[in-house]
Each structure stands twice: as structure tokens, then as C-alpha cells.
Amino acid sequence: MKETQIELNYCSRCGAKIDEKLRQNDDVISGICSSCDAVYYDNPKIIVLSLIDYQGKVLLCKRGIKPRLGYWCLPGGYMEKNETIEGAAIRETKEETGVEVKKLHLYTLVNCPRFNQVYFVFRGSVDTPETAIGNESLDVQFYAECDIPWESLSYKIMNQVIDWFYEDKSNGKYQFRSHDTYEICPD
């Protein structure tokens, strides 16, 4: 039996109390309204990341928010309502780094079941290294492979994705990858 963590206490349809119960014909515990039986699913969150290349350098931003405040990461964040995953990646990149990308290519899919998240990593490039620090960033820079602050990257998956990028770049062929991670989120 798979458990979920329901964040709602009352039904948005009828206002009755939401109970955690086993869904009918399923092995998942969900929030179910005690009155109208509306089901509240705890589906995975979609997170987008952008690996942006400028002349062999990768765009990183220093996190200005928790978790991992002060650590470097690829620009990214949660997908919002009414947007595509590519549109979310373009928006997040602009918000965090000031970098405008027009077109991205799906590069890597990372499943993170421990945190109920799915990461879509996109790859793209820009013609100029112009950046601007966004509200959620302390700093933004393009880094050559030899200068990347490897020990100060926010999560191990960032290291892995950047490694794959430079491996693919040296081979002259970018391949799509799917990866599962069970990394524990520090702080």
C-alpha cells in the first residue's frame, strides 16, 4: 500500500472533512471527502530545469531561497498551470537568470519518487552571455567545465546532468536519458 500526504483538511466542493483512506479498487491512500466522496490525489510535482550552453559554458545560478540556499544549480522550478513543460523551463530560466531562450530540447527525465517529483531537464544555447540576477538567485554565471563549482552544486543530480552534457558534447551527439534518483534532500 502506497501512502500519500494530504495537505487539505476540508473538501473544496462541499466543505466537509477530508479523511485519508484507501481508494476504492486501488492500493493508494488518498484524501477522500467524508461527505461527497471527492478524491484528492497527491500526484507528483513537475519540475523543469534548463541546461543552457554558451560557447561550451553552462549557465548556473546560486540559490537565493531554501532548500540549499547559497548552492549552485541549473535554473528551474515548478511547472505552473496553463503552461507546457518547455514553456515552464523558458519562464524559469528567464525569471532566475535573465536569460531568454527561444527553443529548448528535452534532454533528461529524472524520477524522484522519494519526494514525489519528476524533473524534466531541457538543453538549449544562447548567442550572448548576458544575464541578470532574478528574485530567487544570489548570483548567475556561465561556467566552463573546469571552473564549475562541483562541490557547491545543490544536488547530486545536477552534477550528473552536467557530466552527461559534457560527455555528449565531446562525443558530438546529445542523447536523451531517463534516470531514477533516491537522493535525500539536504536541509
Side-chain angles (χ1 to χ4, degrees), residues 7 41-69 71-145 148-150 153-183 185:
E7 297 176 10
Y41 297 93
D42 189 19
N43 295 332
K45 304 289 186 241
I46 296 175
I47 297 171
V48 294
L49 297 171
S50 297
L51 195 152
I52 307 300
D53 174 29
Y54 171 71
Q55 298 181 350
K57 296 179 179 180
V58 171
L59 179 64
L60 296 176
C61 50
K62 187 179 254 189
R63 293 181 59 83
I65 59 171
K66 291 184 178 184
R68 305 300 282 161
L69 175 70
Y71 284 81
W72 291 92
C73 64
L74 297 171
Y78 291 103
M79 181 177 174
E80 303 284 343
K81 289 182 182 180
N82 301 314
E83 67 183 352
T84 65
I85 56 173
E86 181 182 4
I90 290 169
R91 175 187 52 78
E92 285 287 347
T93 301
K94 172 75 172 160
E95 285 177 3
E96 294 183 1
T97 69
V99 173
E100 291 191 50
V101 289
K102 302 290 185 227
K103 183 70 179 154
L104 294 170
H105 305 280
L106 186 57
Y107 184 53
T108 303
L109 171 70
V110 179
N111 295 296
C112 187
R114 175 173 277 163
F115 295 103
N116 204 22
Q117 297 174 338
V118 179
Y119 292 80
F120 289 89
V121 183
F122 287 86
R123 181 182 59 80
S125 61
V126 291
D127 297 326
T128 65
E130 297 173 22
T131 63
I133 297 171
N135 291 338
E136 296 180 358
S137 301
L138 299 173
D139 194 5
V140 177
Q141 292 186 41
F142 281 94
Y143 281 99
E145 182 177 15
I148 289 176
W150 294 103
L153 291 178
S154 57
Y155 302 102
K156 291 177 189 172
I157 194 61
M158 300 286 170
N159 296 61
Q160 184 62 69
V161 170
I162 295 169
D163 277 343
W164 286 331
F165 169 74
Y166 281 114
E167 178 184 318
D168 290 349
K169 190 167 189 62
S170 70
N171 294 334
K173 182 180 177 194
Y174 296 96
Q175 60 178 324
F176 176 79
R177 292 175 175 86
S178 180
H179 180 76
D180 297 337
T181 184
Y182 296 91
E183 177 179 3
C185 178

Enumerate, atom names and distances included, each donor-acceptor pair closer than 3.5 Å involving a side-chain atom of residues 49-60, sequence neighbours excluded.
unit_1 : atom_1 : unit_2 : atom_2 : d
S50    : OG     : A89    : O      : 3.4
S50    : OG     : T93    : OG1    : 2.8
D53    : OD1    : G56    : N      : 2.8
D53    : OD1    : K57    : N      : 3.4
D53    : OD2    : K169   : NZ     : 3.2

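- For the atom pair OG of S125 and CG of L104, the computed distance is 9.0 Å after rounding to the nearest 0.5 Å.
- Annotation: ring pair (Phe, Tyr, Trp, His ring centres under 6.0 Å) contacts of F176 (sequence neighbours excluded): none.
- The SG atom of C112 lies 9.5 Å from the CG atom of D180; values are rounded to the nearest 0.5 Å.
- Distance alone, capped at 3.5 Å, is enough to place a donor-acceptor pair between the R63 side chain and the P67 backbone.
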Result block: side-chain N/O donor-acceptor pairs under 3.5 angstrom for residues 129-142, not counting sequence neighbours:
unit_1 : atom_1 : unit_2 : atom_2 : d
S137   : OG     : E96    : O      : 2.9
D139   : OD2    : Q141   : NE2    : 2.9

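- Closest non-hydrogen pair, E92 versus V48, comes out as CG-CG2, 4.2 Å.
- A search for side chain to side chain contact (heavy atoms under 4.5 Å, CB included) contacts involving I157 returns V110, Y155, Q160, V161, H179, E183, not counting sequence neighbours.
- Applying the side-chain hydrogen bond (donor to acceptor under 3.5 Å, both in side chains) criterion to K156, with sequence neighbours excluded, gives no partner residue.
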Quiz prompt | Verdict with supporting geometry, F165 and T108, side chain to side chain contact (heavy atoms under 4.5 Å, CB included) | solution = CA-CA 10 Å; F165 169 74; T108 303; over 6 Å; no

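- Between P149 and W72 the shortest heavy-atom distance is CG-CD1, 3.5 Å.
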Self-check item: side chain to side chain contact (heavy atoms under 4.5 Å, CB included) evaluation trace for C73 with R68
Solution: CA-CA 9 Å; C73 64; R68 305 300 282 161; over 6 Å; no

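- Remark: R177 CZ to L106 CG distance equals 12.5 Å, nearest 0.5 Å.
- Contact between Y78 and K45 at its shortest, heavy atoms only, is CE2-CB, 3.8 Å.
- One finds the CH2 atom of W164 at 14.5 Å from the CG atom of N171 (value rounded to the nearest 0.5 Å).
- Of the inter-residue distances, the one linking L153 atom CG with M158 atom CE reads 8.0 Å to the nearest 0.5 angstrom.
- Counting heavy-atom neighbours within 6.0 Å of D127 CG, excluding the residue itself, gives a total of 12 or less.
- Rounding to the nearest 0.5 Å places CD of E100 at 10.0 Å from CD1 of I90.
- At least one donor-acceptor pair under 3.5 Å links the side chain of S170 to the backbone N or O of E167.
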Quiz item: Where do N111 and S178 land on the side chain to side chain contact (heavy atoms under 4.5 Å, CB included) test, with the steps shown first?
Solution: CA-CA 8 Å; N111 295 296; S178 180; 4.2 Å; yes

Show the atom names and distances, to 0.1 Å, of all donor-acceptor pairs under 3.5 Å that link a side chain in residues 117-124 to residues at least two apart or in another chain.
unit_1 : atom_1 : unit_2 : atom_2 : d
Q117   : OE1    : Y119   : OH     : 2.8

